[in-house]
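Naming: A, B, ... by sequence-line order, numbering from 1 per chain.
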Amino acid sequence: MTSPSPTPPPAALPPASAADLIAWYDRHHRRLPWRVGPAEQAAGRRADPYRVWLSEVMLQQTTVAAVKAYFEAFTARWPRVEDLAAAPDEEVMKAWAGLGYYSRARNLKACAERIVAVHGGRFPETAAELADLPGIGPYTAAAIAAIAFDEAATVVDGNVERVVARLFAIEEPMPAAKPAIRKAAATLTPATRPGDFAQATMDLGATICTPRKPACALCPWASACRARAQGIAETLPRRAAKAARPIRTGTCFVAIRADGSILLRRRPPKGLLGGMSEPPGTVWRVVGSGAAEDAATPPLAGRWRRLIGTVAHTFTHFHLELTVMRGEIAAGVAAPEGHWWSAASAVDGEALPSLFRKAIAAARGD
DNA sequence: AACACGTGGAG
DNA sequence: TCTCCAAGTGT
C-alpha cells in the first residue's frame, strides 16, 4: 500500500485536441519560404516534397533564422531534385559552408542521387520508404510524409518532445523519456491535416511552449496541460547535466601569396568538417593530454609570423583555441601536393567552415 | 547506447 | 563571458 501522495492528484483536465491546435495554427502559423500555408492548401496548392525535404534537412539542429538564406540559395540554384543530383559535390559543399553539420550536405547529395537513380526523380511517399534514404531519419521521414504526402505519421522533434513532455507531465529525464513521449505524441496525431498538425506543434514549441519562460497564457493547449497545472512546465523535459567540454589546441598556417591568394587543402571526407576546405595546419590535441606538441612546420617557405592571441571556436563537444600563423609567400610559388592557391576573390566562395573563415580573416588583418 | 557532429543567437 | 541550445542522423 502506498502512502498518500504529498500533493493531491491533479484534477481531471480536458484532453488536448488536435483540432484546437490546428485552429490556433490557422490563425498564428509562421510564414516560411518552404511552407504552404493553410489558405494556399485550401486553394489546392500542395507542398513540393523536394522543398519540404531540403528544408527539413537544413533545419536539423539548426535555427529557422540560419536556414532561410541557405534555403533560398539552394532552391534558386537547384530548383528540382534532379538539379541537385547533377550538381558537383564540391559546389554543394561550398553552398552549404557555414551551415554546419557537414555530413548533412554529403547525405543530401547522396539522397538526391538515389532519388533520381532509384526512384526516377520522385520522392517515396511513405515515412517507411523515406527513412531508408541517406540523411533521413525517423523525424525527417515522418515530417516529409506528413507535410508533403498527408500521411498520419507521428512527427517528433525537439519541439514536440518539449510540448508533449509538458502536456502529459512526463518527468522521466531525457533521453530515457523518448519512447513515452513518442507514444503520447502518437495519441495526439490526427488523421486529417497531419502535416499542419506537425507544423503547428513545432510552431507552438518554437514560439509559445519555449524552453525557458513558456507563454502559457497564449497556449491553445493550456487548459489541457498537466505540467502547467502542476506548475512544473518550465522544468520539463528534464535533462541530465552536460559533461564539461574539453579544450583542444592547434596551429593553422594562413599562407598569403604576393597576389593575395590563400593556400588551401581538402579535409578528409568523413569526420569533423569532413570534405570541407581549410588552410593547412596541425592536428588539434586536448590540452594536458600528455601528448607532445606537434612541430608546427609551415607548409611553404616564407616570412611567417604568429598572430597575437588565438582564434577561439566552440564545437558541440570541444572548444578549440587555434594559433594562427600568417605567412607572406613570394609571387609565383607553387602550391604543395594536395593544396591549391585560392585567389583572393575566390576565398569567400570556398567550402570553408566558419572556423577557418575566422582564421583567414584574422590573418588578413580584417 | 552513447557519442560524434557546427554554428550563431539568446539570455 | 558563458551556458544553452535549434525542425536529428549515423555509427
Would you say A:Arg104 and A:Gln60 are linked by a side-chain donor-acceptor pair, where the criterion is simply a distance under 3.5 Å? no
Taking atom types as modelled, is there a side-chain donor on A:Glu321 or A:Thr310 under 3.5 Å from an acceptor on the other? yes
In whole Å, what is the span from the [atom1] atom of [X] to the [atom2] atom of [N]?
X	N	atom1	atom2	answer
A:Ile208	C:dA6	CD1	P	15 Å
A:Trp53	C:dG8	CH2	C1'	16 Å
A:Leu54	C:dG8	CG	P	15 Å
A:Asp157	C:dT9	CG	C1'	14 Å
A:Lys242	C:dC4	NZ	P	6 Å
A:Arg245	C:dT1	CZ	C1'	13 Å
A:Phe315	C:dC4	CZ	C1'	18 Å
A:Ile136	C:dT9	CD1	C1'	11 Å

If you look at every strand shown and take non-hydrogen atoms under 4.0 Å, does [X] touch a base, only sugar-phosphate, or nothing?
X	answer
A:Gly271	sugar-phosphate
A:Gly98	sugar-phosphate
A:Arg35	base
A:Thr62	base
A:Arg106	nothing
A:Val57	nothing
A:Thr140	sugar-phosphate
A:Leu99	base
A:Pro175	nothing
A:Leu32	base
A:Trp34	base

Nearest-nucleotide check on DNA chain C, A:Arg162 vs A:Asn107; residue mapping nearer the 5' end is A:Arg162
Comparing nearest nucleotides in DNA chain C, the 5'-proximal residue of the pair A:Arg30, A:Arg212 is A:Arg212
* Distance between P atoms of B:dG8 and C:dT9 (Å, rounded) -> 22 Å
### Test of ring centre spacing under 6.0 Å for A:His313 and A:Phe315
yes
Contact check, side chains of [X] and [Y], non-hydrogen atoms, under 4.5 Å:
X	Y	answer
A:Ser277	A:Phe356	no
A:Asp26	A:Arg193	yes
A:Ile208	A:Pro214	no

Under a 4.0 Å heavy-atom criterion, DNA chain B is touched by chain A from B:dA4 to B:dG8
Nearest heavy-atom approach of A:Arg166 to A:Cys225 is O-SG, 3.4 Å
Check: Between C:dG8 and A:Gln61, is there an OP1 or OP2 to side-chain N/O distance shorter than 4.0 Å?
Finding: yes
Counting only side-chain nitrogens and oxygens, does A:Lys270 get under 4.0 Å of the OP1 or OP2 atom of C:dG10?
no
**Prompt:** Passes side chain to side chain contact (heavy atoms under 4.5 Å, CB included), A:Leu32 versus A:Lys68? Steps please.
**Reply:** CA-CA 8 Å; A:Leu32 300 170; A:Lys68 278 181 178 168; 3.9 Å; yes
(message) Check this for me, if you would: do A:Arg266 and A:Glu90 make a salt bridge, where the nitrogen-to-carboxylate-oxygen distance has to be below 4.0 angstrom?
(response) yes
Assign each of A:Ala65 and A:Ser103 the nucleotide of DNA chain B bearing its closest heavy atom; nearer the 5' end lies the nucleotide of A:Ser103
